[in-house]
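Quick notes on the structure that follows.
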Amino acid sequence: MRRQNPQEKNPFREDLTMQHANVLRAMPIHTVKCASDLDTSVPQHLQRISISDLKLTSDCVQRSVKGEVVQKGPVVSSRQREHMLKAAIQDKDTSINVIFFGTLAKDFSQTVRQGDIVLLSGFTISKSPTEQTDRLHPCLLEMRCIDACVHVYSSFVSAGPAVVSSESRYTYVPLSELKPSRIVNVYGVVTFFKQPFPTKGTDYCSTLKITDQSDAKVSCTIFSERLDDHPKIFRIGDIIRLHRVKTQVFNGSMTLLTTLGWSTVTFDGMTDSPIEPRSSSRTFHFGESDKRAVEALRQWAARQIPATEPTVPLSSVQTKMFFDLTCQLLAKASIDTRCILLKVWDGTKCPHPMLNVAVAPDALEGEAKTSLARENMIANVLVYDNHVEGASKLKPGMFLRLFNLHAVAQRASEESADCVSPLSFHLHGGTSYGKGLCVIPSESPELQPLKRLLESHAAIASEDIVNDVTLLEAWYTPPETLGEELNKDFYTVRTCEHTVQQVTLAHVKRCTTPVVCHVRAKVKSYQPQNLYQCLKLFCPQCTALVEVPNDEVIARVFQDALRGHQPCSEHWAVTSSMDSISMHVSCEMVLSNTHTQLLFLQGVTLEEMCVISAAQSNVVPVRSEDGRMRLLDFSAPFLFRGDKRYYGCKQCSRSTFVEPEVCGVEIWDEHNVAKALGVQLMQYALLMKFELEDETDSLEALIWEDAERFFHVSAADTSACQDSQDKVQTTVDRLHPPGSSMAQCPWLDLCLCTYTVEENGKIQVCYQITNTETRGNFYTPQRDQLSCG
DNA sequence: GCTTAGGTTTAG
């Protein structure tokens, strides 16, 4: 390092001093070629003492200790103090801290590796200041005086009971044979794990539980401030190797804890899959013996742990369940600081309708194909709290495993059955039950079936961009064979023949009028809120659109007609009277025997009219004026047909009453009655305004010309028939469930016409929903429950 | 500066 900085003073001075010192002293570190040399080639005057026998009061002159280097820290230097290096050596059951000072610290750092066997002499004994925390030996060895000497053998061969081979420098202790306060190397099969989570300290913590052929189960706690250093565990059954972890008894159970210099490597646990070590370190040791150890654990685990479904595909998800999901990220969007939305898929179709969380288009990173959402293939995952940090680093296209996802039905009320409630997926805050998420490398063998499935779907999805209209229709129109749950639910279909591609609302707004567009949107709000107000009267002649008069207004017209009540006589009619009520029928119709079909009624109130007309086919209320027959004011219906009422246009109807033209009419209905009377019949129409919204924009669209097809009712029926009114109400409730969020509203495929109208000299762009029909379940929620069972 | 957590469900 110093050589890289020629400006610095005395660049070589320290090195020269070191070399000089080494020459003057006895070499402090001796390497031996054979383990037995540690016992034979060291000075004979040194007497061996076992670590466990060391005491503060022990005489350490002419004594030596031998042990494996189980910890080796870095050389610590400061201006005030000489160089230091802390290590720990272990002999049988006991580990003791050793501190090397000065040049010895540097030499030890360069010459000795963890796992080496050392023989130390010339040490002094002091009290260990870290006994309470590291639970190692109460004493500490200090290697500082001029006599301090290290003999090292660095090609250790284990005689232990473990998974070793001749080339291995490591001994692996069976989990059942772990002793307290030892630094050990272990292999194990993961039976539980949590993704790393931040601690209250400086590190992230991974907690896991492992087992091995000895059948002992041991919890492990791994601390590291670098996320990348944590074990890359993707699922239960993975195999983990831990080096230099410390045993510790907690709550009566053996646990493993990372210590200085720990390391880890993990492997897929599936038998027959390639043994690829997963590690952030490029320098980990991995040889044939490790392959054998992994394979042995795989074989053992395959027999021990019953084959369990590793993760649950969307096609198997049930409401309320907690499950692990392996998937690909399509898009993500931040909801707020404590919540992030992930749109994911795994190539399977969920049997339940899936909640689509709508977010502003500019907030969405990545693209979620709407065609997939339509097929229940996109899961909307809401990631909360402590998981937001990790989720925000994800990029669309990544493969993920989400642990302990919660499938939540959106509507939890008693009234709505689960079968129609859209599912959302929550990764709740906290780490219990392993809640968390991880990225799985794309090349991971276990991902290959998933990737093949996604690719096959992606191929289909890309074809619809080829503008093949037939395929487009097939893709966007829910086929009858689709999941029954979806068919029970509510959706719309376009009935037009337009060969146009689906566009966004933002696109529609940019189009020049007039144009026909296909869109996919939700109903954010609607007007009028009182549905009786959506029924209008429309004159096809002058295009006047007026409200349907209420009974109060109509009754007044009848009262006005009664006021100047006088008999009237018309040459074309025969009249019969009873009290103040007169009935007129056409003479010509009497002759053609159709007179029962059309009755003119004079001198009745609205109530009486309703009673009488209920049993008649066509009744026209009339009044007399100067002895002549007149129709009532057009504020009242000019015709009552059963329970239906028909109105004439004030503008377009003949103002004077003339002899009805009855010739040639055999069956009388509202049209030929109107024609015979010179009345311009007004049509009933349903008119509503929907506020439509998609990911890109919102706009207000009218539905009226095709409203009857949309609602599957006749507007005239809704004027009189309760069932038809209920049907409109139910449909509107399905479009926008009362009190619901946008997320709960169904996506609608709509055909939209744009046009301009001029009003008060201003040109305004209007949108109208045409050629669209609602489909699905129109029953009320109460009935719905029955049908869902 | 040398701890942190120590499996066991949010409540959106």
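Below, read A as the first sequence line, B as the second, and so on, with proteins coming before strands; counting in each chain starts at 1.
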Give me the distance, rounded to whole Å, that separates B/dG6 from B/dT10 when you measure between the P atoms they each carry.
14 Å
With no angle test and no hydrogens, is the base of B/dT3 tied to the side chain of A/Thr202 by a donor-acceptor pair under 3.5 Å?
yes
Give the rounded distance in Å between these two atoms: [atom1] of [X] and [atom2] of [N].
{"X": "A/Phe425", "N": "B/dA11", "atom1": "CZ", "atom2": "P", "result": "19 Å"}
{"X": "A/Gln744", "N": "B/dG12", "atom1": "CD", "atom2": "C1'", "result": "13 Å"}
{"X": "A/Asp229", "N": "B/dT4", "atom1": "CG", "atom2": "P", "result": "21 Å"}
{"X": "A/His406", "N": "B/dT8", "atom1": "NE2", "atom2": "C1'", "result": "15 Å"}
{"X": "A/Leu257", "N": "B/dC2", "atom1": "CG", "atom2": "P", "result": "16 Å"}
{"X": "A/Lys209", "N": "B/dT8", "atom1": "NZ", "atom2": "C1'", "result": "10 Å"}
{"X": "A/Met321", "N": "B/dT10", "atom1": "CE", "atom2": "P", "result": "18 Å"}
{"X": "A/Leu405", "N": "B/dT10", "atom1": "CG", "atom2": "P", "result": "15 Å"}

Result for side chain to side chain contact (heavy atoms under 4.5 Å, CB included) between A/Leu342 and one of A/Asn380, A/Val381, A/Val357 points to A/Val381
Only residue of A/Ile440, A/Asp346, A/Thr348 satisfying side chain to side chain contact (heavy atoms under 4.5 Å, CB included) with A/Leu450 is A/Asp346
Would you call [X] stacked on [N], i.e. ring centres under 5.5 Å apart with the planes less than 30° off parallel?
{"X": "A/Tyr384", "N": "B/dG12", "result": "yes"}
{"X": "A/Phe223", "N": "B/dT4", "result": "yes"}
{"X": "A/Tyr433", "N": "B/dT8", "result": "no"}

Whichever of A/Lys435 and A/Asp385 has the more 5' nearest nucleotide on DNA chain B, that residue is A/Lys435
Ranking A/Asp203 and A/Gly429 by the position along DNA chain B of their nearest nucleotide, the one closer to 5' is A/Asp203
With sugar-phosphate meaning primed atoms plus P, OP1 and OP2, does [X] contact a base, only sugar-phosphate, or nothing at under 4.0 Å between heavy atoms?
{"X": "A/Leu427", "value": "nothing"}
{"X": "A/Cys205", "value": "sugar-phosphate"}
{"X": "A/Asn251", "value": "nothing"}
{"X": "A/Phe197", "value": "sugar-phosphate"}
{"X": "A/Thr207", "value": "sugar-phosphate"}
{"X": "A/Gly430", "value": "nothing"}

Taken in chain and number order and not counting sequence neighbours, the residues that satisfy salt bridge (charged side-chain N to carboxylate O under 4.0 Å, His left out) with A/Lys522 are none
Value for CD (A/Gln318) from SG (A/Cys350), rounded to nearest 0.5 Å, stands at 8.0 Å
* Asked: Within less than 4.0 Å of OP1 or OP2 of B/dG6, is there a side-chain N or O belonging to A/Lys194?
  -> yes
With the side chain defined as heavy atoms from C-beta on, A/Lys200 is closest, among B/dG6, B/dT4, B/dT9, to B/dT4
Side-chain contact check for A/Thr221: nearest option of B/dT8, B/dA5, B/dT3 is B/dA5
Practice problem: Establish, yes or no, whether the cationic atom of A/Lys232 lies under 6.0 Å from the six-membered ring centre of A/Phe234 and within 45° of the ring axis. | Solution: no
| query | Heavy atoms, side chains only, cut-off 4.5 Å: are A/Ile378 and A/Asn356 in contact? | reply | no
